[in-house]
Amino acid sequence: MTVYLNPIVLITGATSGFGLATAKKFAQHRYPLIITGRREERLKALSEELELLTDVFYYSLDVRDSEQVAKFIEAIPENFKQVSILVNNAGLALGASSAAEASLSDWHTMIDTNVTGLVNVTHGLLPILQEQKTASIINLASIAANWAYPGSHVYGASKAFVAQFSRNLRSDFAGTGVRVTSLEPGLSESEFSLVRFKGDQDKYDQIYNGTNAIQPEDIANIIFWIAEQPAHININSLEVMPTSQAWDNFKIVKDK
Ligand code: NDP
Ligand code: 8X3
């Protein structure tokens, strides 16, 4: 059985955006990879590409389904089992209209994916992570965890869960080798906003055109940097925006 010298990295949502770029980044540095997502054909293609650089195990799964997650963890081959870097990245936003017009099913999907899915994977992996001398859990939260904006309702709240869950895990694992980070990006270009706007390219362009937004490779570099910190350092949270994004005034509305 191959025993790897580099830490084994597990990435959820590796079929696009941040997860895909992060898989490529770790592969360039020869870290063995476990990549997941629902779109199997993309996982297969990515695995074939990255196998030129490192060993890859891919597995198609829906993080919302705790039974699928448990089966997946059981199915990890022995030589990939000792995962020490978990990138909890799978997630999505659906809709950006006011809460009054939002669909309940979209709200459920965001909670099921961003909250339940992340919890499913984390809980399943914890026994393995705790066995490692040093382990990292890097959770993708968002600036929406920290700042309110119209149309963020359940998405922002689901990411606030991720940020607070990360801090709470830190408390539980203080003094152990398990490190936990809440990574909180702002405006970034990926399939994220196409998913959010249900494929509406015009809405996507209205937001991103001319903004010089964060790119998936920027986030991959940051994730790699977090994972590479010396064992006694824990990056608790890291909020990152493109220079073209900043806060605005509080909204003041007149009485009707
Ligand atoms: P993408 O839409 O490009 O990627 C999302 C990934 O999540 C895909 O690989 C998708 O794979 C996976 N995914 C979604 N639902 C599920 C599911 N039920 N089960 C398994 N995998 C799933 O978006 P980003 O790369 O931009 O987003 C990655 C993370 O970063 C998300 O958590 C997002 O909320 C967060 N984020 C994004 C920001 C942005 O502006 N882009 C900013 C801040 C945070 P598949 O469809 O194949 O299952
Ligand atoms: C995504 C960033 O600003 O669209 O998490 O909420 S934002």
Side-chain angles (χ1 to χ4, degrees), residues 11-28 37-39 42 45-46 49 87-103 106-107 109-110 113-114 138-163 181-227 235 237-254:
I11 303 168
T12 65
T15 54
S16 95
F18 299 168
L20 175 68
T22 303
K24 288 185 175 175
K25 178 77 185 176
F26 279 102
Q28 280 154 15
R38 287 166 302 179
R39 286 168 288 183
R42 287 201 186 190
L46 180 63
E49 180 188 334
V87 184
N88 264 325
N89 165 75
L92 80 176
L94 291 172
S97 58
S98 151
E101 284 115 47
S103 118
D106 283 353
W107 279 8
T109 305
M110 288 188 275
T113 311
N114 302 349
I138 301 170
N139 291 329
L140 264 295
S142 165
I143 57 164
N146 306 330
W147 311 102
Y149 66 87
S152 177
H153 37 79
V154 165
Y155 177 68
S158 73
K159 292 301 184 177
F161 174 91
V162 174
T181 302
S182 169
L183 177 55
E184 297 154 6
L187 187 76
S188 312
E189 269 194 284
S190 65
E191 291 178 17
F192 173 84
S193 286
L194 275 182
V195 172
R196 183 173 211 168
F197 299 128
K198 314 217 164 128
D200 188 331
Q201 187 67 46
D202 284 345
K203 279 193 181 159
Y204 181 97
D205 292 341
Q206 273 168 34
I207 292 183
Y208 289 94
N209 278 354
T211 60
N212 206 357
I214 296 170
Q215 298 302 309
E217 294 70 27
D218 299 319
I219 296 300
N221 288 339
I222 291 169
I223 289 173
F224 187 74
W225 174 82
I226 292 168
I235 305 296
S237 61
L238 201 163
E239 189 182 83
V240 50
M241 289 181 186
T243 49
S244 53
Q245 186 176 36
W247 310 272
D248 207 344
N249 280 342
F250 284 116
K251 174 159 70 179
I252 298 172
V253 289
K254 305 286 181 197

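We're numbering straight along the sequence, starting at 1.
Between M110 and A93 the shortest heavy-atom distance is SD-CA, 3.8 Å. Closest approach of L46 to A23, counting heavy atoms only: CD2-CB, 4.2 Å. Here the shortest heavy-atom pairing between S103 and D106 reads OG-N, 2.9 Å. Closest of all the heavy-atom pairs between I223 and F26 is CG2-CE1, 3.9 Å. Here the closest non-hydrogen pair linking G17 and S190 is CA-CB, 3.8 Å.
Distance check: I138 CD1 to W225 CH2 gives 10.5 Å after rounding to the nearest 0.5 Å. Summarising the geometry, atom CD1 belonging to I219 is positioned 8.5 Å from atom CG belonging to L238; distances are rounded to the nearest 0.5 Å. Atom OG of residue S244 and atom OH of residue Y208 lie 10.5 Å apart, to the nearest 0.5 angstrom. Atom NZ in K159 sits 9.0 Å away from atom CG in N139 (nearest 0.5 Å). Distance OG/S142 to CG/N114: 9.5 Å, rounded to 0.5 Å.
No donor-acceptor pair closer than 3.5 Å links the side chain of R196 to the backbone N or O of L94. The backbone N or O of G186 sits less than 3.5 Å from a side-chain atom of S188, completing a donor-acceptor pair. Using a distance-only test at 3.5 Å, with no hydrogens or angles considered, a donor-acceptor pair links the side chain of T22 to the main chain of F18. Listed for the T181 side chain is a donor-acceptor partner under 3.5 Å among the backbone atoms of I235. Listed for the Q215 side chain is a donor-acceptor partner under 3.5 Å among the backbone atoms of A213. A donor-acceptor pair under 3.5 Å is absent between the side-chain atoms of N88 and the main chain of T12, judged by distance alone. At least one donor-acceptor pair closer than 3.5 Å links the side chain of N89 to the backbone N or O of G13. Judged purely by atom type and a 3.5 angstrom limit, H153 uses its side chain to pair as donor or acceptor with the backbone of S97.
R42 has its side chain out of reach of L20: every pair of non-hydrogen atoms, C-beta onward, lies at least 4.5 Å apart. By the 4.5 Å heavy-atom criterion applied to side chains, Y149 and I143 are not counted as neighbours. Residues L140 and P185 have side chains in contact (heavy-atom distance under 4.5 Å, counting atoms from C-beta outward). In this structure the side chain of F197 never reaches within 4.5 angstrom of the side chain of D202, judged on heavy atoms. Two residues are said to be in side-chain contact when any heavy atoms from C-beta on lie closer than 4.5 Å; N212 and P242 fail this criterion. A 4.5 Å side-chain heavy-atom check between L194 and Q201 finds at least one atom pair inside the cut-off. Contact of the L187 side chain with the I214 side chain is not registered, since no non-hydrogen atoms from C-beta on lie closer than 4.5 Å.
Using the six-membered ring where Trp is involved, W247 and W147 have ring planes that are perpendicular, over 60° apart on the 30 and 60° scheme.
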The test is side-chain hydrogen bond (donor to acceptor under 3.5 Å, both in side chains); show your working for K25 and N221 and say whether it passes.
CA-CA 7 Å; K25 178 77 185 176; N221 288 339; 3.1 Å; yes

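Salt-bridge check for E49 with K24: passed, with a basic side-chain N closer than 4.0 Å to an acidic carboxylate O.
The environment of NZ in K251 is sparse: at most 12 heavy-atom neighbours from other residues, nucleotides or ligands sit within 6.0 Å.
Using modelled atom types and a 3.5 Å distance limit, the side chains of E239 and S237 yield no donor-acceptor pair.
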